[in-house]
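The shown structure was predicted, so the numbers you read here are calculated from the model rather than taken from an experiment.
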Amino acid sequence: MNDLVSIIMPSYNTAPYISETIQSVLNQTYQNWELIVVDDCSTDNTDQVVAYIKDERIKYLKNEKNSGAAISRNRALRESKGRWIAFLDSDDLWMPEKLEKQIAFMESNGYFFSYTNYEEMDMDGNSTGVKVTGPKKITKTGMFNYCWPGCLTVMYDAEKIGLIQIEDIKKNNDYAIWLKVCKRVDCYLLDEYLGKYRRGRAGSVSTHSIKTMIGWHYKLFREAEKQGAVRSLVNTGRNLVFGFYKKRKYIQR
């Protein structure tokens, strides 16, 4: 259990949070990692905040122009050198044993794709009391039903999966990655709360209306998955149904 982990972190105007987020990576009990931060032309002082953190395992890249999270994630994935690929947005947090426990879980079971439970916090980092889990196993069909994993919890084996690149869609680009990976291997739940998701920050998915998110889902299936209009509508409908199901079965308040 000594393989390199590549941590994919897009950033845009998260100067108030990114230092704490990176600290949660520095605090990991599993220390063989590289953190690839791709900044999407932030207009705040993200540059200075990250520059203050001195660790040779952190690679800080900047896009030439504001391009969106899909392009930023694609770039980070191309730069990655690790066997394990993990994802952490620049305002979320990991528990100290997240990497160690997840790699052990995958290696001991022969899994190539996994996710964990997570808790929600507000913009100031205070617990909201909301806890989110999901199905024990997600097949390709199950992943098309709904985006069960929280982005900050996902890990996959790049030696098995290979390089993933997605279409330039502005939202749901993490879901686009999971759909590609789940076509190759199933995804399994490590049933522990190993991350904290910051809810309510301006521009995050959690701040938008259902109507807006329906449009994003349709674009995901139509543009990223190259599906026809009817099939894209059907899959968008499936997402709505299973979204309500998730709220009832997998979210504790």
Counting only N and O atoms by type, is there a donor-acceptor contact under 3.5 Å from the side chain of [X] to the main-chain atoms of [Y]?
X      : Y      : value
Lys54  : Ala51  : yes
Gln28  : Met95  : yes
Asp124 : Asn126 : no
Arg83  : Asp3   : no
Gln165 : Asn74  : yes
Arg222 : Ser232 : no
Trp178 : Cys187 : no
Glu20  : Gly125 : no
Thr14  : Tyr17  : no
Asn32  : Asn2   : yes

Ignoring hydrogens, what is the shortest heavy-atom contact between [X] and [Y]? Give both atom names and the distance.
X      : Y      : result
Tyr175 : Phe144 : OH-O, 3.4 Å
Ser90  : Pro10  : OG-O, 3.3 Å
Gly134 : Leu189 : O-CD2, 3.3 Å
Val5   : Ala86  : CG1-CB, 4.0 Å
Asp40  : Ser67  : OD1-N, 2.7 Å
Cys147 : Lys246 : O-NZ, 4.1 Å

Distance from [X] atom [atom1] to [Y] atom [atom2], nearest 0.5 Å?
X      : Y      : atom1 : atom2 : result
Cys182 : Ile177 : SG    : CD1   : 13.0 Å
Asn145 : Met143 : CG    : CE    : 10.5 Å
Lys98  : Met155 : NZ    : CE    : 4.5 Å
Leu152 : Met9   : CG    : CE    : 10.5 Å
Lys180 : Ile166 : NZ    : CD1   : 8.0 Å
Met213 : Leu240 : CE    : CG    : 9.0 Å

Under 6.0 Å from the six-membered ring centre of [Y] and within 45° of its axis: does the NZ or CZ of [X] meet both?
X      : Y      : answer
Lys219 : Trp216 : no
Lys137 : Tyr188 : no
Lys131 : Tyr193 : yes

Could [X] and [Y] be called an ion pair, given the rule that one side-chain N must be under 4.0 Å from one carboxylate O?
X      : Y      : value
Arg199 : Glu120 : yes
Glu34  : Lys81  : no
Lys170 : Glu223 : no
Asp191 : Lys136 : yes
Asp89  : Arg73  : yes

I want to check something: taking the side chain as every heavy atom from C-beta on, are [X] and [Y] in contact at a cut-off of under 4.5 Å?
X      : Y      : result
Phe221 : Leu179 : yes
Ser11  : Val38  : no
Tyr30  : Gln102 : no
Asn117 : Thr153 : no
Tyr52  : Ser19  : no
Arg184 : Lys160 : no
Glu119 : Val130 : no
Arg75  : Asn63  : yes

Path from [X] to [Y] over hydrophobic side-chain contacts below 4.5 Å:
X      : Y      : value
Val50  : Leu93  : no
Leu88  : Val181 : no
Ile7   : Val37  : yes
Val154 : Tyr118 : no
Ile8   : Tyr12  : no

Starting from the C-alpha separation in whole Å, work towards a yes-or-no answer on side chain to side chain donor-acceptor pair (under 3.5 Å) for Asp92 and Thr21. CA-CA 6 Å; Asp92 297 332; Thr21 298; over 6 Å; no

Kindly determine whether Ile214 and Asn239 satisfy side-chain contact (heavy atoms from CB on, under 4.5 Å), including the steps that lead there. CA-CA 9 Å; Ile214 288 173; Asn239 266 243; over 6 Å; no

Greater than 12 external heavy atoms within 6.0 Å of [X]'s [atom1]:
X      : atom1 : result
Lys140 : NZ    : no
Lys183 : NZ    : yes
Arg57  : CZ    : yes

Does Glu192 form a side chain to side chain donor-acceptor pair (under 3.5 Å) with Thr116? I'd like the steps, not just the answer. CA-CA 6 Å; Glu192 294 190 41; Thr116 79; over 6 Å; no

Residues 41-51 vs side chain to side chain donor-acceptor pair (under 3.5 Å), sequence neighbours excluded, gives Asn13-Thr43, Asp39-Ser42, Asp44-Thr46, Asp47-Tyr60, Asp47-Lys62

Kindly determine whether Leu26 and Trp33 satisfy side-chain contact (heavy atoms from CB on, under 4.5 Å), including the steps that lead there. CA-CA 9 Å; Leu26 295 170; Trp33 50 259; 3.7 Å; yes

With Phe105, the ring pair (Phe, Tyr, Trp, His ring centres under 6.0 Å) member among Tyr115, Phe113, Tyr111, Phe112: Tyr111

Kindly determine whether Met121 and Ser127 satisfy side-chain contact (heavy atoms from CB on, under 4.5 Å), including the steps that lead there. CA-CA 4 Å; Met121 57 183 175; Ser127 174; 5.6 Å; no

Counterpart residues, side-chain hydrogen bond (donor to acceptor under 3.5 Å, both in side chains), relative to Glu159 (two or more places apart): none

Mind checking whether Phe87 and Tyr156 have parallel, tilted or perpendicular rings, split at 30° and 60°? tilted

Run Ile138 and Asp186 through side-chain contact (heavy atoms from CB on, under 4.5 Å) and show every step you take. CA-CA 6 Å; Ile138 309 172; Asp186 295 330; over 6 Å; no

